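Here is the structure we will look at.
Chain A is the first sequence line, chain B the second, and so forth, proteins listed ahead of strands; every chain is numbered from 1. This structure is a prediction, so every number in the text was calculated from the model and none was measured.
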Amino acid sequence: MEGDEIMTKATIEEKQYLVRFKADKESHLKITDQSICLENCPDKPCTYFCPGEVYKFEGNRIQVGYEGCHECGSCRIGCPQNNIEWKYPKGGHGVIFQLA
Amino acid sequence: MPEKFDVIVVGAGPAGTSCAYQCAKNGLKVLQIERGEYPGAKNVMGGVLYKQQLEEIIPEFWKEAPIERPIVEQRMWLLDEESAMTLGFKGRAWANEASYNNFTILRAKFDQWFARKAQELGVTLINETVVEECLVENGKVIGVRTDRPEGEVLADVVVLADGVNSLLAKQLGFHQDIEPAQVALTVMEVLKLPAETINERFNIEDGQGCTIEMFGDSTKGHLGTAFLYTNKESLNIGVGATLSSIVKEKIKPYELLEYVKNHPIVKPLIQGAEEAEYLAHLIPEGGYHAIPKLVGDGVIVAGDAAQLVNGIHREGSNMAMKSGSYAAEAILLAKQKGRFTEEVLAIYREKVYESFIGQDLKKYKDATETLENHPQYLKEYIPMMNRAARAFFTVDGTSKREKQKGIFNMFMERGKIRTVQDMYRAWKVMK
């Protein structure tokens with residue numbers, strides 16, 4: 001980047017690194033039916049609107065990086081196929097906001 | 001046999017704690033259940049807390065609560081790509097204790113403080129516990145099942161203050177699926193900056209704060225807003241847009257945040273600040289039409305779970321607290337009568353709808369939808385207003401009357417009737 005580029009933490013990885021997560025062993029997010037993502041969902045909007053970039057389309061399936069989930073609920077409401085089983089992580093697990 | 005309480009409050013945010021506090025203050029046995037490691041661990045807001053509704057619960061709370069800065073100036077920016085039309089209000093009165101209006105707060109700290117105040121009055125708070133469902137018997141909510149072993153607890157009333165997603169209200173069939181146009185996905189960062197630098201850049205003093213709301217290019221013209229708020233030694237900067245527009249326009253929220261941070265009008269204010277935390281949250285923006293069923297036998301819904309947010313005026317935590325207060329009043333009345341039926345608790349619903357909460361949400365009931373369906377307000381008019389202002393204020397030998405004529409023609413280029421319709425529509429949904 002140029003010398004006058006002031007903001008350093010511009011990538012999602014750098015942003016997520018600022019957040020404390022206590023990941024559960026099991027995912028609280030589940031794709032109900034992977035074939036729907038593959039066959040019926042050309043845009044796969046979860047792969048861009050999720051603020052933690054939890055969803056990645058790799059090797060013909062959606063990979064769910066639940067460990068970096070902010071639990072905002074966007075995917076629950078925004079998945080056009082209603083194909084995400086969404087619940088809260090077990091008590092005490094998941095994101096732990098420390099400031100705001 | 002599961003333990004029984006008078007009241008179970010699900011969630012330790014502003015609505016839940018407000019209700020728990022006032023129930024305990026009046027002698028009820030209250031259990032408050034929070035899924036985070038501590039109250040606030042899961043909670044996010046831009047940062048503005050209005051004074052009035054909390055002062056009614058805890059007089060002069062600011063003397064002990066972890067507030068950041070009392071706000072003395074509110075600015076509004078209509079942003080174009082390289083310019084801004086600005087409007088604002090700054091008043092000395094807001095800097096005086098007797099007439100504070102609002103404060104910036106950091107929720108992780110603030111929510112813990114508020115919950116502790118409720119605990120001091122006898123509320124039993126259990127953290128790190130998810131309420132998985134309401135226990136229902138003959139159509140009446142009689143308690144909850146948590147994710148703890150033998151995790152059933154009973155109560156006369158269960159208060160659902162479980163936030164915007166309110167899976168529990170959904171379980172009870174109190175609301176349909178929330179639509180992507182009814183929520184704003186908001187991402188935010190806390191940026192550390194020394195107090196002196198903040199004071200200089202925002203033209204304020206210690207113990208004074210400033211808020212900036214940005215419309216237009218801050219969301220690249222999509223329906224939403226960005227904000228920049230001053231804390232004591234940090235700034236909160238965030239941007240949110242309706243989930244529907246984020247999906248439709250294929251926006252990556254964190255990239256939009258970077259866009260705002262690097263906007264030429266914004267950048268000088270945050271230059272050199274260090275990112276300390278990144279947060280995402282949904283804001284209920286469905287307004288009046290999205291309010292779910294608020295009471296049932298043995299159950300009340302409050303705060304974000306009840307979708308009580310006025311997006312136009314960034315009011316949410318105050319409405320949450322007020323709804324929590326009304327919930328407590330209804331529960332106390334029910335206790336007196338010894339009946340916790342929907343019929344008795346319905347007083348809660350009446351109070352919510354009759355108060356400023358219901359009235360303000362009703363006032364703007366069609367605003368979000370209108371702006372969503374008519375993107376020209378943010379996409380076309382804001383850039384036009386910027387061009388008009390620049391043209392009008394630039395001295396270049398053209399007479400003022402000529403300039404006025406040029407600006408008038410610019411607005412009318414869209415078609416006289418269309419422009420007049422747009423103005424009328426805007427007036428109608430905001431009036």
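- Atoms CZ and NZ, from A:Phe49 and B:Lys248 in turn, are 15.5 Å apart once rounded to the nearest 0.5 Å.
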Candidate pair B:Val130 and A:Lys90, rule side-chain contact (heavy atoms from CB on, under 4.5 Å), full reasoning: CA-CA 6 Å; B:Val130 175; A:Lys90 272 197 217 83; 5.7 Å; no
Intermediate values then yes/no, side-chain contact (heavy atoms from CB on, under 4.5 Å), B:Glu37 and A:Gln98: CA-CA 10 Å; B:Glu37 189 176 294; A:Gln98 293 171 285; over 6 Å; no
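- No side-chain donor-acceptor contact under 3.5 Å links A:His70 to the backbone of B:Leu279.
- Only the backbone of B:Asn43 comes within contact range of chain A, with heavy atoms under 4.5 Å apart.
- For the set B:Asp147, B:Val187, B:Leu243, B:Leu256, the count of heavy-atom pairs under 4.5 angstrom toward chain A peaks at B:Leu243.
- Judged by distance alone, with hydrogens and angles left aside, the side-chain atoms of B:Glu128 form no donor-acceptor pair with the main-chain N or O of A:Gly91 at under 3.5 Å.
- Looking at B:Lys109, only its backbone comes within 4.5 Å of chain A, counting heavy atoms on both sides.
- The pair B:Glu277-A:Lys15 does not meet the salt-bridge criterion, since no charged nitrogen lies less than 4.0 angstrom from a carboxylate oxygen.
- Residues forming a salt bridge (Lys or Arg N to Asp or Glu O under 4.0 Å) with B:Lys42 (at least two apart in sequence, or on another chain): A:Glu71.
- With hydrogens and angles disregarded, a donor-acceptor distance shorter than 3.5 Å links the side chain of A:Tyr48 to the backbone of B:Val247.
- For A:Pro89, the parts sitting under 4.5 Å from any heavy atom of chain B are the backbone and the side chain alike.
- Chain A forms more heavy-atom pairs under 4.5 Å with one residue of B:Met45, B:Lys250, B:Arg107 than with any other, namely B:Lys250.
- Looking at B:Phe110, there are no atoms closer than 4.5 Å to chain A (heavy atoms on both sides), in backbone or side chain.
- Both the backbone and the side chain of B:Leu282 come within less than 4.5 Å of a heavy atom in chain A.
- Side-chain atoms of B:Asn165 come within 3.5 Å of backbone atoms of A:Cys72 as a donor-acceptor pair (strictly under, hydrogens ignored).
- Heavy-atom pairs under 4.5 Å with chain A were tallied for B:Ile33, B:Ile178, B:Val164, B:Thr186; the largest tally goes to B:Ile178.
- When atom types are taken as modelled, the side chain of B:Tyr278 and the backbone of A:Pro51 share a donor-acceptor pair closer than 3.5 angstrom.
- B:Tyr254 and A:Glu53 share a side-chain donor-acceptor pair at under 3.5 Å.
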